[in-house]
Each structure stands twice: as C-alpha cells, then as structure tokens.
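See below for the structure under consideration.
Position 1 is the first residue of the sequence; numbering continues from there.
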Amino acid sequence: MVDRKDFGSWLQGPRERTSADEQYRGRDLGLPPRGPGSVAGFGIRTVGVLIDWGIASVIARGLFGVPLPFSQPPASGGQGFVVLAVFGVMHLLLVGTVGFTIGHRIMGLQVRSLGGSGRVLPVQALARTVLLCMFIPAVVWDRDGRGLHDKAPGTVIVRTR
C-alpha cells in the first residue's frame with residue numbers, strides 16, 4: 001500500500017528512504033564511499049571534460065585553423081566537428097594508454113575497468129569514446145553515477161585523491 005512516506009520520498013529524491021550508511025554511489029561495484037577509489041561525482045567530471053574540450057579547441061585552432069569558442073566569426077558546423085574529432089582522438093589515445101585525459105589528471109580522476117586488473121582495454125576505450133562523443137549516453141546515469149558511456153564498456157571514473 002502506498003503511504004504518505006512513499007509520496008514524500010518521491011518528492012525529496014530517491015535516496016530519502018535509505019540511510020547514507022546503506023547506500024552510496026559505487027557500493028554495488030565494491031568501491032569505497034569516499035576518497036581515493038570512490039566513484040567521481042558529476043561536477044568534478046564535468047570540469048574535467050570542459051578542460052579537455054578547451055585543450056581540443058586549442059589543438060584544432062593550431063592544426064586546422066578552427067576559431068576558438070566565443071570568437072568572431074564563430075566556427076561553422078563542420079569546424080565544430082573538427083573540435084569533436086580532436087577531442088575524441090585525444091580521449092581515445094590517453095584513456096586507452098594511461099587511463100586518464102589531461103582534464104581527468106588535473107581533477108584527480110581516472111577511468112578504470114571493472115573487470116580484471118582495472119586497466120582500460122583498447123576496445124573499452126574505443127567504445128567509451130564513441131559513446132561519449134555522442135553526448136546523450138554520457139548524461140544518462142544509473143544509481144552508481146555511471147553514464148551509459150561507462151556502463152556499456154564496463155568502466156567507471158574514480159577519484160585518485
């Protein structure tokens with residue numbers, strides 16, 4: 001039977017009826033609730049992606065003459081895809097080899113595989129990069145805070161500090 005507590009918890013969010021000790025992001029993955037190795041939050045990951053996008057914009061400007069963001073004249077549609085391609089290549093190469101991008105490193109984050117040694121395999125990095133560049137999978141999360149771009153290849157972004 002539905003009672004007043006159910007209705008109130010629905011308005012206040014999904015974690016209202018669970019205690020903080022019982023549920024936290026990453027519990028089902030065997031990760032700690034906070035500190036190194038815990039699932040990184042949305043805000044810190046967003047800052048890391050923005051840093052990477054800025055770096056990709058500067059590289060695209062230097063190699064292909066793409067205007068920087070907020071400059072006049074603005075980049076055309078095709079030039080925007082050049083920045084996305086640079087971002088994708090940068091992400092694929094760095095995550096596939098060292099497990100983090102420059103933005104991840106600055107923010108204290110690392111991409112880890114959930115299976116085996118924790119190192120991201122090249123095929124996982126490729127799948128993750130393609131889904132990340134599609135954008136929509138990156139903004140649809142599960143209760144552990146993993147986007148579809150992490151869930152499909154079996155990866156997770158964790159804090160390193």
Residues clustering with [X] (ILVMFWY side chains joined when closer than 4.5 Å, directly or via others):
X	value
Val156	Leu29, Leu31, Val39, Leu114, Val158
Leu93	Val89
Met134	Leu92, Leu126, Val130, Leu131

Please determine if Asp144 and Arg27 form a salt bridge, counting it only when a charged side-chain N lies under 4.0 Å from a carboxylate O.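 Salt bridge between Asp144 and Arg27, a charged N being under 4.0 Å from a carboxylate O: no.
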Could you work out, with ring-ring contact (aromatic ring centres under 6.0 Å, His included) as the rule, every residue matching Phe42, not counting sequence neighbours?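 Trp141.
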I'd like to know if the side chain of Thr101 reaches the main chain of His104, judged simply by a donor and an acceptor atom lying under 3.5 Å from each other, with no hydrogens or angles considered.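 At least one qualifying donor-acceptor pair exists.
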Mark yes or no for whether Arg119, through its side chain, and Gly99, through its backbone, hold a donor-acceptor pair below 3.5 Å.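 No, Arg119 side chain to Gly99 backbone: no donor-acceptor pair under 3.5 Å.
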Please report, to 0.1 Å, the donor-acceptor pairs under 3.5 Å made by any side chain of residues 58-70, with sequence neighbours excluded.
none

Between Gly37 and Pro32, which heavy-atom pair has the shortest distance, and what is it?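 In terms of heavy atoms, the two residues are closest at O-CD, 3.4 Å.
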Pairing donors with acceptors under 3.5 angstrom, does anything connect the side chains of Arg128 and Gln124?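 Note: Arg128 and Gln124 side chains miss the donor-acceptor criterion.
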Output all residues satisfying side-chain contact (heavy atoms from CB on, under 4.5 Å) with Ala127, sequence neighbours left out; order by chain, then residue number.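 Ala127 satisfies side-chain contact (heavy atoms from CB on, under 4.5 Å) with Pro153 only.
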Hydrophobic clusters here meaning ILVMFWY residues chained together by side-chain heavy-atom distances under 4.5 Å, can you tell me if Ile102 and Val120 are in one?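 Yes, one cluster joins them.
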